[in-house]
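Beneath this line is the structure, given in structure tokens, with notes to follow.
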Amino acid sequence: MDVEQFDTPRYLSVLPLFSDLSQQERERLALSCQLRRLARGDMVFRVGEECDAFYVVVVGQVKLYVASPTGQEKVIELVGPGQSFAEAMMFLSMPCILNAQALAETLLLRVTKQAVFGEIKRDPRFSMHMLAGISRRLHGLVRDVEGYALHSGMQRLIGYLLRDLQDEDTLRSGVITVSLPVSKATIASRLSLTPEYFSRVLHELEAENLIQIDKREIRILDVQRLASYGSH
């Protein structure tokens, strides 16, 4: 993507967070935004650093995670195109409490705290959009905690594979291919599973002729059987 030709106001217009702003408001906000290009493995920020902006992923993917003193990671969230992160930390004026790292070639839109607060002062309704975005993330994290507490590792993995297959026609169709967007180890951490357990469950599902594994391509051979297998 040619950063020099990137139309920031137009991009803001398709994001739910900014779509209700007027063209003039989006153009004003765009003046305070910066584009940041990252290579795979580059850090967006680290624990303890000042958080004076939030970010929107334009292209690529970002991993939000915490790490133990021994280096063990727990992935909190995987953020893809059109999604934002770090809003809550920015509003609280607190140091970053987690790490953010690019998992691929990534382009971020950095929206400064100063710009956000300026728009809220001009139009308090803008704060409602920000609050809605933060609430959606909180809802997702609560659902995650519920899943960790009430669902087995098998159910969490199957739920992940079926996460985007909610349409009834899709559920009745034949073979469906799911592409894992990141490494199996990263997804395992996101699901609070060890990589070894994650691989063992995948191979169990393959032995049951429910899926076929081809590196990061998972072919679901029978969606309904797979969904019901997770309830056993």
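The first residue of the sequence shown is numbered 1, and numbering continues consecutively from there. What's counted below: heavy atoms across the whole structure, side chains too, no hydrogens, waters or symmetry copies.
Under a 3.5 Å cut-off, the side chain of R156 and the backbone N or O of S192 do form a donor-acceptor pair. R26 places no side-chain N or O within 3.5 Å of a backbone atom of L12 that could act as its donor or acceptor partner. Side-chain atoms of S189 come within 3.5 Å of backbone N or O of V75 as a donor-acceptor pair. Judged by distance alone, with hydrogens and angles left aside, the side-chain atoms of E73 form no donor-acceptor pair with the main-chain N or O of A67 at under 3.5 Å.
The hydrophobic clustering, which links ILVMFWY residues whose side-chain heavy atoms are closer than 4.5 Å, places M94 and L131 apart.
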- request: Check the pair L221 / V175 against side chain to side chain contact (heavy atoms under 4.5 Å, CB included), numbers first and verdict last.
  value: CA-CA 5 Å; L221 305 180; V175 176; 4.1 Å; yes

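Rounding to the nearest 0.5 Å gives a distance of 12.0 Å between SG of C33 and CG of L108.
In M43, the CE atom is crowded: over 12 heavy atoms of neighbouring residues, nucleotides or ligands sit closer than 6.0 Å. R10 CZ: 12 or fewer foreign heavy atoms inside a 6.0 Å radius.
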Between side-chain atoms of residues 44-58 and protein atoms elsewhere (two or more places apart, or another chain), which donor-acceptor pairs fall under 3.5 Å?
{"residue": "E49", "atom": "OE1", "partner": "R46", "partner atom": "N", "Å": "3.2"}
{"residue": "D52", "atom": "OD1", "partner": "R110", "partner atom": "NH2", "Å": "2.7"}
{"residue": "D52", "atom": "OD2", "partner": "R110", "partner atom": "NH2", "Å": "3.4"}

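Partners of E77 by side-chain hydrogen bond (donor to acceptor under 3.5 Å, both in side chains), not counting sequence neighbours, listed by chain and number: R137. The side-chain hydrogen bond (donor to acceptor under 3.5 Å, both in side chains) check on S32 picks up nothing, with sequence neighbours excluded.
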